[in-house]
Amino acid sequence: MHTPRALTIAGSDSGGGAGIQADIKTFQELGVFGMTALTAVTAQNTRDVTGIYELPEEAVARQIDAVAEDIGVDAAKTGMIASVSIMEVVAAKVKEHRIHGLVIDPVMIAKSGVPLLEEPARKALQEILLPLARIITPNLHEAEAIVGRELDTEEKRKDAARHMADLGAEAVIIKGGHVEDDQATDLLFDGSRFYTFTAPRFHTPHTHGTGCTFSAALTASLAKGKPLLETVETAKQFITEAIQHPLHIGGGHGPTNHWAYRSSRT
Ligand SMILES: Nc1ncnc2c1ncn2[C@@H]1O[C@H](COP(=O)(O)OP(=O)(O)O)[C@@H](O)[C@H]1O
Ligand SMILES: Cc1ncc(COP(=O)(O)O)c(N)n1
């Protein structure tokens, strides 16, 4: 039996709701063996980020080598990659180990408002990481930062998705969490057609780690060899249930509930 294996290349969230921690919880819940390459350690809780400690490039490279050379990687995702030098190392290792099925979550700012990406790295993200993406998953603000204009209509968001596909991403999902709408609608462009994935919008402050969890769920399905539309459908269900049943942990933006999807099916 083949055990699907997924790697997350991202930052650690000591609070357990976002970053590497959200990713491996999600991999586990979806029946995928999770592996990690840490890019940074954050001191973080539901209220604030009180410290960011980047890892040396060498440490990031060695972690990716270690898992790719022995265990193997069916799909991978990137999350917080704060600097251009770490981005370059990650891109080089993804190419060297021929890691396909790469989901890029272009993390820029934590829900608490603290920047997680240095300014020069914004442009580098487009040039270095985006062309390697099987799927890139910007939220509204990240999509606006990548294309450099406001995306206040669906037409403009479609143009932005085409733009990101032209830059090299195989598929683009502009997430709808920050779009003013009664529903949470994510827009997928697969390089030729548009699809929307819609769920009810829950009025809750507990959205810490939604983007990480969603992109990890996409990665888990890709690791299982699922086709694109089924992959997005599963990830949307996973994040919707995780937001719908919050855990009420911490005094700020609490985490989502990574158990909810599997609990509802057993
Ligand atoms: N309040 C909400 N109710 C339901 N779904 C939401 C809500 N907020 C975000 N989502 C969904 O969670 C996923 C992550 O979206 P988003 O919050 O835009 O990303 P990020 O965490 O990167 O800012 C998307 O599928 C989005 O539609
Ligand atoms: C280490 C780390 N990585 C990513 C996020 C983004 O979290 P969100 O999904 O809430 O935007 C975060 N807060 N911390």
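Both ligands and their constituent atoms are indexed starting at 1 by order of listing. The structure displayed is predicted, hence computed values, not measured ones.
- Less than 4.0 angstrom separates some heavy atom of Arg201 from each of these atoms of ligand 1: 1 (N), 3 (N), 4 (C).
- Nearest residue to atom 10 (N) of ligand 1 from Ile243, Thr198, Thr256 is Ile243 (criterion: closest heavy atom).
- No part of His253 comes within 4.0 Å of ligand 2, judged by heavy-atom distances.
- The cationic group of Lys158 lies under 6.0 Å from the six-membered ring centre of Phe194 and within 45° of the ring axis, placing it in a cation-pi geometry.
- In terms of polar-atom proximity, Thr207 is not counted as a contact of ligand 1, lacking any N or O under 3.5 Å from an N or O of the ligand.
- In terms of N/O distances under 3.5 Å, ligand 1 is not approached by Phe214.
- Thr36 places none of its side-chain heavy atoms less than 4.5 Å from the side chain of Asp23.
- In this structure, Asp65 and Glu96 have side chains that are in contact, with non-hydrogen atoms separated by less than 4.5 Å.
- The backbone of Pro200, and not its side chain, has at least one atom closer than 4.0 Å to an atom of ligand 1 (non-hydrogen atoms only; backbone = N, CA, C, O).
- At least one N or O atom of Asp186 sits closer than 3.5 Å to an N or O atom of ligand 1.
- The ring of His248 has its center closer than 6.0 angstrom to the ring center of His206.
- Looking at Gly177 next to ligand 1, an N or O pair under 3.5 Å apart turns up.
- Within a 6.0 Å radius of CZ in Arg98, no more than 12 heavy atoms belonging to other residues, nucleotides or ligands are found.
- Qualifying ring-ring contact (aromatic ring centres under 6.0 Å, His included) partners for Phe238, counting only residues two or more places apart in sequence or in other chains: Tyr261.
- The shortest N or O to N or O distance between Ile239 and ligand 1 is not under 3.5 Å.
- The closest approach between a heavy atom of Gly209 and any atom of ligand 2 is below 4.0 Å.
- Contact annotation: for His203 versus ligand 1, there are no heavy atoms closer than 4.0 Å.
- Less than 4.0 angstrom separates some heavy atom of Gly11 from each of these atoms of ligand 2: 1 (C).
- For Glu69, the CD atom sits in a packed shell: over 12 heavy atoms of surrounding residues, nucleotides or ligands are nearer than 6.0 Å.
- Between Asn139 and ligand 1, a contact under 3.5 Å exists for at least one N or O pair.
- A salt bridge between Arg193 and Asp190 is absent, with no side-chain N of the basic residue lying under 4.0 Å from a carboxylate O of the acidic one.
- Annotation: Thr42 places no N or O atom under 3.5 Å from an N or O atom of ligand 2; distance criterion only.
- Residue-ligand proximity, Ser12 to ligand 2, at heavy-atom distances under 4.0 Å covers atoms 1 (C).
- In terms of modelled atom types and a separation under 3.5 Å, the side chain of Ser12 and the main chain of Val41 share no donor-acceptor contact.
- For CG of Asp166, the number of neighbouring non-hydrogen atoms (other residues, nucleotides, ligands) closer than 6.0 Å is greater than 12.
- Listed by number with element, the atoms of ligand 2 under 4.0 Å from a non-hydrogen atom of Ala110 are 13 (N).
- Closest to atom 1 (N) of ligand 1, if we only count protein heavy atoms, is Phe202 O, 2.9 Å.
- Ligand-side atoms of ligand 2 in range of Val107: 4 (C), range being under 4.0 angstrom from any heavy atom.
- At a 3.5 angstrom cut-off on N or O pairs, Lys175 counts as close to ligand 1.
- Residues Leu222 and Arg134 approach most closely at CD1-CG, 4.0 Å, considering heavy atoms.
- Inclusion of His178 in the set of residues having an N or O under 3.5 Å from an N or O of ligand 1 is warranted.
- For Arg62, the CZ atom counts as densely surrounded, since its 6.0 Å shell holds more than 12 non-hydrogen atoms of other residues, nucleotides or ligands.
- Set against the non-hydrogen atoms of Cys212, the atoms of ligand 2 under 4.0 Å away are 4 (C), 5 (C), 6 (C), 7 (O), 9 (O).
- Counting non-hydrogen atoms of other residues, nucleotides and ligands closer than 6.0 Å to CZ of Phe33 gives a total of 12 or fewer.
- Taking every heavy atom of Ala184 and a limit of under 4.0 angstrom, the matching atoms of ligand 1 come to 4 (C), 5 (N), 6 (C), 27 (O).
- Counting only residues at least two apart or on different chains, the ring pair (Phe, Tyr, Trp, His ring centres under 6.0 Å) pairs with a member in residues 134-159 are His141-His178.
- Residue Gly211 places at least one N or O, backbone or side chain, under 3.5 Å from an N or O of ligand 2.
- Taking a 4.0 Å cut-off on heavy atoms, Gly79 fails to register as neighbouring ligand 2.
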